[in-house]
Amino acid sequence: MIVRADAERTSTAFGMLDLRIQRWIWTEKWSVLRDAQERAIPALVGCDRDVLIAAATAAGKTEAAFFPILTHLLADTRDTGLCIYISPIKALINDQFMRLERLCEQLELPVWPWHGDISSSSKNRFFKQPSGVVLITPESLEAMLCNRGFQAPQLFAKLRYIVVDELHAFIGTERGKQLQSLMQRMELAVGRKVMRVGLSATLGDLGMAAEFLRVRGGSAVEVINSNSDPVRLQLEIKGYVEPSHLLAEQQDAPAITTSFIVQDLFDTLCGSNNLVFPNTRGLVEEYAHALGRLCEQQRVTNEFWPHHGNLSRDIREETEAALKNKALHATAICTNTLELGIDVGAVKSIAQIGSPPSVASMRQRLGRSGRRPGEPAILRGYVTEQALAKDSTLDIQLRTGLFTFAAMVSLLEEKWVEPPQTNGLHFSTLIQQLLSLIAQRGGVQAGDAYRTLCVQGPFPALGKPDFLDMLRHLGKLELIQQEASGVLLHGTKGERIVNHYSFYAAFAAEEEYRVVCDSRVLGSLPISSSVSIGDYIVFAGKTWRVETIDEEGKTILVSKTSTGKAPVFTGGKGQLHAKIRERMRELYRGTGVPHFLDAAAVLLLQEGRDSYARCRLDQRVMLSMGSNIYLLTWLGDKQNEALAAVLRKAGLSVSASGPAIEIFAKETGEQRIAHCLRAFASQPPPDAQQLLAGVFNLRREKWDWALPEHLLKKSYASLQMDVAGAHAWAQQYAAASQEQDH
DNA sequence: GACCTGCTGCGGGATG
């Protein structure tokens, strides 16, 4: 057997694996182990350290983790161990289950897929024999701890490893804090350390990711960073100019440039598989509909399929099947539903309409193309700018849309991605974890809860007095109550909430209407998107008339029509990192032309540079235009948000706007703004409580409504602002303006 | 001018 000889000759790690796993690798005809696998096996097989594996999407990360883990679980022949694998999405659990079960069948090791769609009979069988591999979501794990807390020590008695897949998808989120807390609670239940394994393809900073995996112990995590062969990139940004007079006259008509972009997509993408990312669900609908119509007009089979989170599973699977079907050419118009885990096979190119939300996201998207040996990863960018007019805003004059996109692409080429955002406090999730801990243990001492969740857990930023404040507030809201003995229990309201299944998710979800046509569910629309009877809408790439709206049953009935308009989906704003603004400024100051711009985009680049020079933005920080003053910091959105709060507190009417802060009412005067900035710089940075005094409407996360005011402000500020960064900038500004005065 | 993710236990009734 040649295959066997190859594997043995080139690999020492191979010999460390259980013989049955070696045999399985031979029968699968794998000639060599991948780099990540080769290095992960010795790191994991001894079960004596935490490991972070960073490797490209198709580099066999799952096997890299499971070959040595299964080997370790099988080593004790009398008592097979347990491994818990945690995934952010159900579809990934289903995928991994199919891959893993083929192997584990041979090993006589049970694999337990575990999420909301799995029957309780399978789950009950696990409770009788808790060993093997459990593939689970954080929410299902939360439910297990909540409802079977007393059994936790027995259930996890044999737990050896916790594997977290798509680690980057958790970092910096409510679910991430929840996950860290769950891992901590499992370890406490069994009274010992359990080895943690993180898997990811898109990590901006491995040290921070390691620290996320093991709070206060990141430096001891073994990091395996496997860069497989770098893929050749083929990048292009095409520029388009929207005639402004037409836009003003016909508000409702689709923009002229949209139809140019649609035509270009049609011409370049037909005949191959591609993904198109227009950034919003509404635009996914618009483009899918427009491309479908174009196919109809040209009398060719439609090759364009919509995909986003509000479409029914049914419709999403149609799109996924079209992409996987080798007999068809298919292009998906999608949101980041197709950015994560689900396997849709290799695609030829990615089209990005408008700049992406982050460089990390653009890289993840691009990772979907160029997966076959020798093929490049192709990114086609499209940027629309409005025609220049006398009254054009600064934004339009500077062509910030093009410069943002170009800066991001140039950073992508340098392999830079945003570092993970780990300083969010997420006190909302602390409340959830406290209530869940009470459920798990049937009551908990306040000091014990503080130690578990804050001192040793993922919420170390909360001091003891603040924690007690929070408990008192939760008591007032009847979420918790304290027994005479000091034990914390659920209050009447807390009891009701914890006993409903909606408790297990750490993140908030908006209520939605189901959209139904002839008893087929097409998907859902958020309650907030205003839709009335008789409206014509675009949904799932087709047009419909709204027939009835059932408020009780939360259902919208529609029928087919021939015209319609994409519905409005609401949402927050992305946060641009300061590094991108820095790169934009270098582009304005430079004279070179990035190789990835087409002729029209180069013209826009020149127009932007002309405006930058004309406004003398290299020398000045403030610029009066129309009735406003712009404070051009060129900082990231979080720093600008903090500066805007500082100015707002001084009584100015302001709004953070791209690379600048816009100050309304020119009569304010540049002097007054300069004075505010110097005053801010001369004092130590204010805390959130001072900065957000008198500011309302700060609730963003699921349990924010139950936080005492000052903790809500602290949590909000940690997520939305960088006060220290803003302060550092103000100090630089103050020093520079002093020099000018002398 | 943002996007996405997730969900138990129990009881009643039908079916094999």
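So that the names make sense, note that chain A is the first sequence line, chain B the second, and so on, each numbered from 1.
Within a 6.0 Å sphere centred on CZ of A/Arg514, heavy atoms belonging to other residues, nucleotides or ligands number 12 at most.
Between the A/Ser312 side chain and the A/Val521 main chain, a donor and an acceptor come within less than 3.5 Å of each other. Counting only distance, with no hydrogens or angles, the side chain of A/Ser140 and the backbone of A/Thr137 share no donor-acceptor pair below 3.5 Å.
When rounded to the nearest whole Å, the span between CD of A/Glu510 and P of B/dC3 equals 12 Å. Between A/Ile396 atom CD1 and B/dG1 atom P there is a gap of 13 Å when expressed in whole angstrom units. Rounding to whole angstrom units, CZ of residue A/Phe277 and C1' of B/dA2 are separated by 13 Å.
A/Glu142 and A/Arg185 are joined by a salt bridge, as a carboxylate oxygen and a charged side-chain nitrogen come within less than 4.0 angstrom of each other.
Side-chain atoms of A/Thr404 and A/Arg581 include no donor-acceptor pair closer than 3.5 Å. In this structure, a donor-acceptor pair under 3.5 Å is absent between the side chains of A/Arg380 and A/Gln352.
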What one-letter contact string describes nucleotides 4-16 of chain B from 5' to 3', where B marks a base within less than 4.0 Å of any protein heavy atom, S marks contact via sugar-phosphate atoms alone, and - marks no contact? SBBBBS-------
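Base engagement by A/Ser355 is indicated by at least one non-hydrogen atom pair under 4.0 Å involving a base atom.
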